[in-house]
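Note sheet for the following structure.
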Amino acid sequence: AQKVTQAQTEISVVEKEDVTLDCVYETRDTTYYLFWYKQPPSGELVFLIRRNSFDEQNEISGRYSWNFQKSTSSFNFTITASQVVDSAVYFCALSEAGADSSYKLIFGSGTRLLVRP
Amino acid sequence: NAGVTQTPKFQVLKTGQSMTLQCAQDMNHEYMSWYRQDPGMGLRLIHYSVGAGITDQGEVPNGYNVSRSTTEDFPLRLLSAAPSQTSVYFCASRDSTGNSPLHFGNGTRLTVT
């Protein structure tokens, strides 16, 4: 069965610190997709990244970077030089590639990040 | 291009009342879905649809009905509201390309007293 675990319920950092949000997933499929979404205080859900299971290259987008390691079933998210605007709840999610499974996105419970000035 | 539009934004119901949460998208997406968000539990899939006339159950379908008569609309019906249905509801859509990202509406905060 699919499962996504975000063990960090809440993280508090001071502005300009680096912070890593952990995501561990479980799946029996060899083909799957991993996602990160951001939910700012205003409540909307914003797509950040999608990674498929065959692409283990790390990705960097500005201050954001993602580390995908199949050996440890992890897809961690790092924010470098955090800013107050990064304060949000971040969700990691997983979907499998099967005909029916691809329609079911499984979310972790989220990590609330508070960046203090 | 409005994306995914949900109405209403807020709703208070009494136990036993019924209501429909509306969801519309203008991106011609085949896939639409409803999630509920509860504290500490992330988002859980209620129902989804892969095209007009086709719906299926997600992880937590009990107490909710859906239908998909058009590509654009995917309403969620609560037939007899219960306090356990107090939650924030999100509608989402995506195109049929495998595992493309979901586009979410802004959510409906529902309170059942």
Side-chain angles (χ1 to χ4, degrees), chain A residues 1-10 21 23-25 27 29-55 61 66 75 88-112, chain B residues 2-6 8-11 23 25 27 29-51 54-61 66 68 74 87-110:
Chain A
Q2 306 173 67
K3 185 178 179 181
V4 176
T5 301
Q6 295 180 255
Q8 303 153 307
T9 304
E10 188 164 325
L21 310 181
C23 174
V24 175
Y25 62 91
T27 177
D29 274 19
T30 56
T31 304
Y32 52 89
Y33 294 81
L34 296 163
F35 301 79
W36 276 94
Y37 284 86
K38 174 182 180 179
Q39 187 177 42
S42 51
E44 73 271 25
L45 285 151
V46 179
F47 165 73
L48 294 178
I49 189 171
R50 179 186 68 170
R51 172 68 71 212
N52 73 56
S53 54
F54 296 107
D55 183 1
S61 177
W66 290 269
F75 186 43
V89 180
Y90 292 87
F91 291 99
C92 180
L94 162 73
S95 70
E96 295 170 344
D100 185 56
S101 302
S102 66
Y103 302 119
K104 299 175 182 177
L105 189 60
I106 304 299
F107 284 82
S109 56
T111 297
R112 181 178 300 276
Chain B
V4 179
T5 302
Q6 288 184 237
K9 291 186 178 181
F10 302 95
Q11 183 71 51
C23 176
Q25 53 92 8
M27 297 173 282
H29 286 167
E30 290 296 320
Y31 174 83
M32 297 185 74
S33 56
W34 278 100
Y35 285 82
R36 59 177 288 173
Q37 181 180 11
D38 301 294
M41 301 190 73
L43 283 83
R44 293 180 293 168
L45 181 63
I46 305 172
H47 284 286
Y48 65 97
S49 169
V50 299
I54 306 170
T55 63
D56 206 344
Q57 297 181 350
E59 184 183 354
V60 288
V66 292
R68 184 94 179 271
F74 190 44
S87 188
V88 180
Y89 292 85
F90 287 95
C91 179
S93 73
R94 66 169 175 85
D95 63 36
S96 56
T97 307
N99 302 91
S100 56
L102 287 173
H103 297 256
F104 284 91
N106 287 334
T108 295
R109 184 174 294 275
L110 175 67

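Letters A, B, ... mirror the listed sequences (proteins, then strands); counts begin at 1. The structure displayed is predicted, hence computed values, not measured ones. Only heavy atoms go into these numbers, but all of them, side chains included; no hydrogens, no water, no symmetry mates.
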[X] [atom1] to [Y] [atom2] distance, which is reported to the nearest 0.5 Å:
{"X": "Gln2(A)", "Y": "Glu59(B)", "atom1": "CD", "atom2": "CD", "answer": "10.0 Å"}
{"X": "Gln57(B)", "Y": "Lys104(A)", "atom1": "CD", "atom2": "NZ", "answer": "9.0 Å"}
{"X": "Phe47(A)", "Y": "Arg94(B)", "atom1": "CZ", "atom2": "CZ", "answer": "12.0 Å"}
{"X": "Tyr31(B)", "Y": "Leu105(A)", "atom1": "OH", "atom2": "CG", "answer": "7.5 Å"}

- [ ] Taking atom CZ of Arg112(A) as the centre, report whether more than 12 heavy atoms of other residues, nucleotides or ligands fall under 6.0 Å from it.
- [x]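 Open.
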- [ ] Taking atom CZ of Arg109(B) as the centre, report whether more than 12 heavy atoms of other residues, nucleotides or ligands fall under 6.0 Å from it.
- [x] no
TODO: Check each atom of Val50(B) against the heavy atoms of chain A and say whether the ones under 4.5 Å are side chain, backbone, both or neither.
DONE: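 Side chain only.
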Task: Contact class of Leu43(B) relative to chain A, heavy atoms under 4.5 angstrom - done: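 Looking at Leu43(B), backbone and side chain both touch chain A.
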Open item on the list: When you compare the side chain of Gln39(A) with that of Phe104(B), does any pair of heavy atoms fall below 4.5 Å?
Closed with: no
Task: Non-hydrogen atoms of Gly40(B) and Ser109(A) that approach each other most closely - done: O-CB, 3.4 Å
Task: Option in Leu102(B), Asp38(B), Val88(B), Leu45(B) with maximal non-hydrogen atom pairs under 4.5 Å from chain A - done: Leu102(B)
Task: chain B contact via Tyr32(A) - side chain, backbone, both or neither, heavy atoms under 4.5 Å - done: neither
